[in-house]
Amino acid sequence: MTRPATHIWRLLKWGRTAARHGALRGIESDPNTPDPVRRLTRLARLGTMQPKTPDYAEAFRAIGPAAIKLGQSLATRPDLVGDEAAQNLLSLQDNLPPVAFEQIENAVAATFEQPLDTLFTSIDPDPVGAASIAQVHRAMTSDGREVALKVLRPGIREKFARDIATYEWAAAHVEAMGGEAARLRPALTIANFKRWTNSELDLRREAASASELAEAMHGFDGFRVPTIDWDRTNGKVMTIEWIDGIKISRRDDLIAAGHDPAELAERLVLAFLTQAISGGFFHADMHQGNLFVEADGTIVAIDFGIMGRIDRRARQWLAEILYGLTTGNYRRVAEIHFEAGYVPSHHDVGEFATALRAVGEPMRGKPVSELSVGQMLDGLFAITRDFDMQTQPHLLLLQKTMVMVEGIATQLNPQINMWDVSAPYVRSWIRDELGPEAAMADAVKENLGTLLRLPDLVRRVEDRFPAKGGAPEAAPLPEIELMWERRAREKSAGGSWAGYIISAAIGAGALALGWIG
């Protein structure tokens, strides 16, 4: 188990790097920041020269690969990091210098335990992309197929495990301080981040996600997923069909090739809604670099390391919320938040509906160029504190992806109205899933099951296990021993904190003298 002094040392080093980019200023000035955290940030920035304008994205990039991924996740959390930081973090690109090809070649050969020439006739030594977790090379298989070869960076799993352990330790201590920090649930946020990154660090999981999404979107014309080569895929290497197409961000090239940007934008939005609302399984990293347009106009997605899931009940609530906001039915949107358990029951439904109206009405009647899903999400975040709404981590990926999709669609067609595109689809889905026929079918199925159980057993079971709220059951959090608990344990065992105090003093002195970083 990593000692507290090690976690503090890492945090101070990272804080020192963040301070040099002005990224600690917001934490210090926020009135909700716990006093111990504020003192730590002041210590970390001691003696640094800070720029007038903070650059949060560059700070996370300088700290390291795990921080890059964390920064991208926090870009969806203006409630946690503030509007300015969230906006800046949206520019955080996951690009790093590539690993030497010799290391990549040796890593691929080691994972398959056979000579590479039995699997590939050639591998381009120059990568087509190098990110924090893996890099991609163009290759030709021994049976003559052109593929993309994705390989984990050597040692990256160990590096991520080390850094995430400190994130967990810090989040547990901050949350234990109570107040606003507890409401924002940083420990659960890091737990979800850990689960997402662990999935990215196992390329078999990414391959399985690609296969599952391809199956789910099989009936959607104009959107597809590349084919996985399972014989050349394992935990550290993934081989997938090579895609020849135009990046969806290159609007002029798309027009020159005869594609209609407005039609592509609408199809992309509908593809996302089909994944998220109909299937409950969606590509959660739909940025411009991961979408291509083939010669026939088909949109092709790549990079399936981050995927999102929403259960059926939450999808029903989500569809009703979106439809209620598009039609101005704020009362129904408020009721859904209470039914889902997003808002504690001691608050008033009518007051929450009024707060939602304050978010939605300013956008109604405006030109389409001024309507924004991102603006709506920012407005919703702003009222969460007033109504004691806890963070819903299962919706964070959805929020992030909605903002990404809107950004790409707006670049393709600046006049697109996300609400107009979404409303018919959501209305149709609600009619099919929540209409009279669907309600009757659900009722018959549910009532028949109830009749087959003894009434007394039903009552006792329902008393003991009440209906869940809108959030799925939280993932188990790691047990983090808090410093004051450790102190009490060692004191009762006759131990001494002298070593920890000395190491902390040395660390503080080193910071004061500017030895770090």
Side-chain angles (χ1 to χ4, degrees), residues 69 72-73 75-76 90 93-94 129 131-134 136 148 150 192-193 195-228 233 238 240-243 245-249 264-294 298-311 314-315 318 322 373-374 377 393-412 418 421-422 425 429:
K69 288 293 182 184
Q72 290 177 325
S73 297
T76 65
L90 287 174
Q93 296 298 313
D94 192 5
S132 56
I133 286 179
V136 180
K150 186 172 185 177
N192 279 277
F193 171 72
R195 190 175 72 252
W196 300 335
T197 53
N198 282 345
S199 182
E200 282 195 85
L201 289 165
D202 184 348
L203 296 184
R204 286 170 301 193
R205 300 259 308 264
E206 179 175 344
S209 295
S211 177
E212 183 177 352
L213 185 62
E215 197 173 284
M217 295 295 289
H218 181 70
F220 189 97
D221 291 334
F223 184 95
R224 78 178 187 92
V225 173
T227 304
I228 297 294
T233 294
M238 183 179 75
I240 191 168
E241 170 193 359
W242 179 263
I243 297 300
I246 302 171
K247 279 192 176 182
I248 203 165
S249 58
L264 289 173
E266 183 170 335
R267 182 155 26 106
L268 178 65
V269 173
L270 293 176
F272 166 68
L273 291 172
T274 300
Q275 294 173 41
I277 295 180
S278 293
F281 182 66
F282 61 94
H283 191 311
D285 201 15
M286 294 177 71
H287 62 72
Q288 296 175 343
N290 286 341
L291 294 167
F292 293 81
V293 179
E294 294 183 307
T298 299
I299 298 174
V300 185
I302 63 170
D303 195 353
F304 308 93
I306 306 176
M307 305 295 292
R309 289 190 187 275
I310 317 175
D311 64 29
R315 280 184 277 140
L318 173 66
L322 289 175
V373 171
L377 290 176
H394 68 296
L395 296 180
L396 294 181
L397 281 179
L398 181 71
Q399 294 164 354
K400 166 190 170 184
T401 310
M402 287 175 68
V403 173
M404 281 184 177
V405 170
E406 181 189 43
I408 298 172
T410 303
Q411 184 180 23
L412 288 169
M418 289 284 285
V421 174
S422 304
Y425 176 87
W429 190 86

Taking all non-hydrogen atoms of both residues into account, name the closest pair between [X] and [Y] and its distance.
X      : Y      : answer
Leu203 : Thr233 : O-CG2, 4.4 Å
Gln411 : Ser249 : NE2-O, 3.7 Å
Ala284 : Gly308 : CB-N, 4.0 Å
Phe223 : Ala271 : CD1-CB, 3.8 Å
Ala148 : Val136 : CB-CG1, 4.0 Å

Could you tell me whether the side chain of [X] and the main chain of [Y] form a donor-acceptor pair under 3.5 Å?
X      : Y      : result
Glu206 : Phe304 : yes
His218 : Arg224 : no
Gln275 : Phe282 : no
Ser211 : Ala207 : no
Arg267 : Gly222 : yes
Thr298 : Glu294 : no

Between [Y] and [X], is there a side-chain heavy-atom distance shorter than 4.5 Å?
X      : Y      : value
Leu268 : Leu264 : no
Ile228 : Met238 : yes
Val300 : Pro226 : yes
Arg205 : Met307 : no
Thr401 : Phe272 : yes

Any side-chain donor paired with an acceptor under 3.5 Å for Asn198 and Arg195?
no

Give the intermediate values and the outcome of side chain to side chain contact (heavy atoms under 4.5 Å, CB included) for residues Ile302 and Ile240.
CA-CA 9 Å; Ile302 63 170; Ile240 191 168; 5.9 Å; no

Separation between [atom1] of [X] and [atom2] of [Y], rounded to the nearest 0.5 Å:
X      : Y      : atom1 : atom2 : result
Ile299 : Asp221 : CD1   : CG    : 12.0 Å
Ile306 : Phe193 : CD1   : CZ    : 8.5 Å
Ser278 : Met217 : OG    : CE    : 9.0 Å
Ile408 : Ile248 : CD1   : CD1   : 6.0 Å

Do Lys69 and Glu200 sit within salt-bridge range, that is, some charged N less than 4.0 Å from a carboxylate O?
yes

Output yes when Asp303 and Lys150 qualify as a salt bridge under the 4.0 Å nitrogen-oxygen rule, no when they do not.
yes

Take Lys247 and Leu291 through the test side chain to side chain contact (heavy atoms under 4.5 Å, CB included) and record every step on the way to the result.
CA-CA 6 Å; Lys247 279 192 176 182; Leu291 294 167; over 6 Å; no

Across all chains, not counting sequence neighbours, the salt bridge (Lys or Arg N to Asp or Glu O under 4.0 Å) partners of Glu266 are none

I'd like to know whether CD of Glu215 has more than 12 heavy-atom contacts from other residues, nucleotides or ligands below 6.0 angstrom.
no

